[in-house]
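Input: a single structure, listed below in structure tokens.
Numbers here are sequence positions counted from 1. All values reported here derive from a predicted model rather than from experimental measurement.
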Amino acid sequence: MASISNTLSLKHGLSLWCPQSTPLNRIHRGSCSFPSRSFRRCFTVSASSFANENREFVIVGGGNSAGYAARTFVEHGMASGKLCIVSKEAYAPYERPALTKAYLFPLDKKPARLPGFHTCVGTGGERQTPDWYKEQGIEMLYEDPIVNVDTEKQTLKTNSGKLLKYGSLIIATGCSASRFPDKIGGNLPGVHYIRDVADADSLISSLEKAKKVVVVGGGYIGMEVAAATSGWNLDTTVIFPEDHLMPRLFTPSLAQKYEKLYQDYGVKFVKGTSIKNLEAGPDGHVSGVKLENGSTIEADTVVIGIGAKPAVGPFEKIGLNSSVGGIQVDGQFRTGIPGIFAIGDVAAFPLKIYDRISRVEHVDHARRSAQHCVKSLLTAHTDTYDYLPYFYSRVFEYEGSPRKVWWQFFGDNVGETVQIGNFDPKVATFWIDSGILKGVLLESGTAEEFQLLPKLARSQPSIDKAKLQNASSVEEALEIARASLQVGAAD
């Protein structure tokens with residue numbers, strides 16, 4: 001459930017100015033690029049006189065970003081009686097990564113279940129159950145997605161027909177799973193996609209009866225679901241068109257080590273091939289996956305993990321980024337329409353450290369973007385969001401597993417690579433571009449070693465590639481990298 005999309009470097013600054021003298025009722029899409037702070041202050045005052053059908057702040061979306069945004073509103077004393085969250089789901093916001101990790105564990109291996117992973121437990125914060133939202137005076141509208149937005153009248157319409165007037169709107173709709181078309185069997189019984197609790201529950205129901213599972217896709221979803229199904233002792237095959245697992249991040253040699261581990265758990269791989277269609281049995285249930293080469297792999301359960309697309313829905317009119325997708329925002333998550341913001345997976349934002357526009361599908365960004373946006377909205381906080389790309393995965397962590405996997409990556413995977421370690425259990429990969437350390441991935445590190453990674457990636461020190469290549473262990477390689485920080489500081 002993680003990816004990053006990028007486009008060309010920023011060549012010009014974005015205009016953030018809006019005339020303070022512009023009357024609120026005359027501000028429209030063309031009047032300024034982004035809402036001024038004076039606009040937001042004025043609107044907060046006018047919002048206090050709203051009738052019952054009006055909400056001062058509305059968050060659309062019920063995922064990670066919404067939960068962390070809600071906490072930030074509470075911390076600033078601006079939630080009670082002012083904030084409304086509109087969600088298509090039946091649950092209060094939760095830590096979504098659990099769905100492809102501990103949630104899928106077999107019932108005898110202590111799987112995660114709600115309310116155990118409501119936000120904000122993922123960062124050691126309070127568990128925000130439905131009762132928490134009630135206690136904080138936050139209005140929650142469940143299972144009632146937004147179907148239309150009128151930016152001139154500042155109103156939202158829900159699927160049930162409810163009309164909501166907002167003062168400030170935060171779009172936190174995340175992503176939706178990329179799906180196979182109906183014509184090739186994408187919606188056959190037994191075919192699954194995972195984006196929410198209902199999806200995961202449906203998959204678990206299938207796994208309880210399954211014998212042969214096929215996972216389509218060699219990225220995050222594929223790796224994590226395959227690791228989980230191994231805990232069920234099911235015949236599992238992973239199919240993907242690339243040459244190795246996680247091609248957007250892993251090098252071929254690194255992927256080979258993880259593939260060997262999965263094979264030790266009984267997982268099979270079919271690489272470098274495409275799928276022609278999913279086949280159905282006499283009962284209409286999925287029965288196999290037919291490949292382009294004409295062969296068929298039997299399956300009674302198929303999980304599709306081929307990526308996701310930003311859930312823009314009715315908010316397309318807000319202004320999209322044509323290169324990375326999603327809603328275009330500035331460094332404070334303001335869109336091109338005053339009073340409207342976008343955060344999390346759906347936002348195309350300036351990635352300051354690398355001077356380019358990106359859209360990041362990862363829980364860390366979902367949390368941080370929510371907090372940054374709300375602070376900017378409610379306070380004099382004007383700092384540009386300065387995100388450091390971070391990805392991780394934890395798999396095979398079910399009870400009784402002989403080997404647990406936990407890797408972290410920080411930075412940018414560009415340039416040449418140096419890999420150190422034999423995966424016993426540690427392995428590290430360093431990305432070096434023109435003598436500059438740009439990114440680093442570490443498997444099975446200590447807490448102290450993991451804490452070093454973001455320091456290295458953000459500092460981007462000069463590093464001696466030859467010296468790094470001659471390191472005899474992961475620990476020695478990390479010490480060489482740590483020393484490069486000190487040299488950079490001295491310079």
Side-chain angles (χ1 to χ4, degrees), residues 1-3 96 99-101 103-106 174-248 255 259 262-263 265-311 325 361 395:
M1 287 192 174
S3 72
R96 202 171 296 275
L99 296 180
T100 53
K101 297 179 177 69
Y103 200 87
L104 296 182
F105 291 175
C175 284
S176 58
S178 296
R179 305 176 72 92
F180 274 11
D182 282 344
K183 64 181 181 181
I184 66 168
N187 290 309
L188 288 173
V191 176
H192 298 271
Y193 306 84
I194 303 182
R195 290 303 298 185
D196 56 34
V197 167
D199 292 338
D201 285 342
S202 177
L203 174 57
I204 290 168
S205 179
S206 286
L207 293 178
E208 290 172 344
K209 305 182 289 287
K211 293 182 180 179
K212 294 188 176 184
V213 178
V214 167
V215 180
V216 180
Y220 269 92
I221 299 295
M223 289 186 70
E224 295 184 349
V225 170
T229 58
S230 73
W232 292 74
N233 295 317
L234 296 174
D235 182 321
T236 301
T237 301
V238 183
I239 304 172
F240 48 90
E242 298 86 5
D243 294 330
H244 60 80
L245 280 174
M246 290 285 289
R248 296 171 72 176
E259 289 171 12
Y262 275 71
Q263 289 166 343
Y265 274 89
V267 177
K268 299 184 287 290
F269 292 104
V270 177
K271 300 183 286 185
T273 187
S274 298
I275 293 171
K276 185 175 183 180
N277 62 273
L278 306 182
E279 297 185 333
D283 60 354
H285 193 278
V286 68
S287 63
V289 178
K290 188 170 184 178
L291 306 180
E292 286 289 354
N293 63 15
S295 63
T296 298
I297 298 175
E298 292 184 14
D300 49 42
T301 298
V302 175
V303 185
I304 310 294
I306 55 173
K309 52 189 177 181
E361 298 170 14
V395 294

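- Atom-to-atom distance recorded for W232:CH2 and I204:CD1 is 6.0 Å, nearest 0.5 angstrom.
- Separating the CZ atom in R179 from the NZ atom in K309 is a distance of 9.0 Å, to the nearest 0.5 Å.
- Residue-environment remark: NZ (K209) exceeds the threshold of 12 foreign heavy atoms within 6.0 Å.
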Please evaluate residues D196 and R96 with respect to the criterion side chain to side chain contact (heavy atoms under 4.5 Å, CB included), reporting the C-alpha separation (whole Å), side-chain torsions for both, the decisive distance (0.1 Å), and the verdict.
CA-CA 7 Å; D196 56 34; R96 202 171 296 275; 3.9 Å; yes
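- Separation of atoms OH (Y265) and CG (N233) is listed at 11.5 Å; rounding is to 0.5 Å.
- With a 4.5 Å cut-off on side-chain heavy atoms, L245 and K271 do not count as touching.
- Across every non-hydrogen atom of A280 and S287, the tightest pair is C-OG, 3.4 Å.
- Of all heavy-atom pairs between G325 and P310, the closest is C-CG, 4.2 Å.
- Proximity of a side-chain donor or acceptor of S202 to a complementary backbone N or O of D199 within less than 3.5 Å is not detected.
- Looking only at distances, a side-chain donor or acceptor of Y262 sits under 3.5 Å from a matching main-chain atom of M223.
- Nearest heavy atom pair, residue G190 against residue H285, reads CA-NE2, 3.5 Å.
- Annotation for E208: atom CD counts as buried by contact number, over 12 foreign heavy atoms lying within 6.0 Å.
- Looking at heavy atoms from C-beta onward, F180 lies out of side-chain contact with N277 at the 4.5 angstrom threshold.
- Side-chain contact between I221 and Y193 is absent, with no heavy-atom pair separated by less than 4.5 Å.
- Within a 6.0 Å radius of CG in D243, no more than 12 heavy atoms belonging to other residues, nucleotides or ligands are found.
- When all heavy atoms of A210 and L234 are compared, the pair lying nearest together is O-CD2, 3.2 Å.
- In this structure, OG1 on T296 lies 4.0 Å from CD on E279, to the nearest 0.5 angstrom.
- Residues V191 and G186 approach most closely at CG1-O, 3.4 Å, considering heavy atoms.
- Using a 4.5 Å cut-off on side-chain heavy atoms (C-beta onward), V270 and I297 make contact.
- With rounding to the nearest 0.5 angstrom, the NZ atom of K276 is 4.5 Å from the NZ atom of K290.
- Considering only heavy atoms from C-beta on, T229 stays 4.5 Å or farther from V303 through its side chain.
- Using a 4.5 Å heavy-atom threshold, the side chains of I184 and L278 count as separate.
- In this structure, the side chains of L291 and I275 come closer than 4.5 Å at one or more pairs of heavy atoms.
- The CD1 atom of I306 sits 12.5 Å away from the CD1 atom of I239 when rounded to the nearest 0.5 Å.
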Show your working on side chain to side chain contact (heavy atoms under 4.5 Å, CB included) between T301 and V286 and close with a plain yes or no.
CA-CA 7 Å; T301 298; V286 68; 5.9 Å; no
How far apart are the C-alpha atoms of S176 and R195, what are their side-chain angles, what is the distance that settles it, and do they pass the side chain to side chain contact (heavy atoms under 4.5 Å, CB included) test?
CA-CA 7 Å; S176 58; R195 290 303 298 185; 5.5 Å; no
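- The two residues E224 and T100 come nearest to each other via the heavy atoms OE1-OG1, 2.6 Å.
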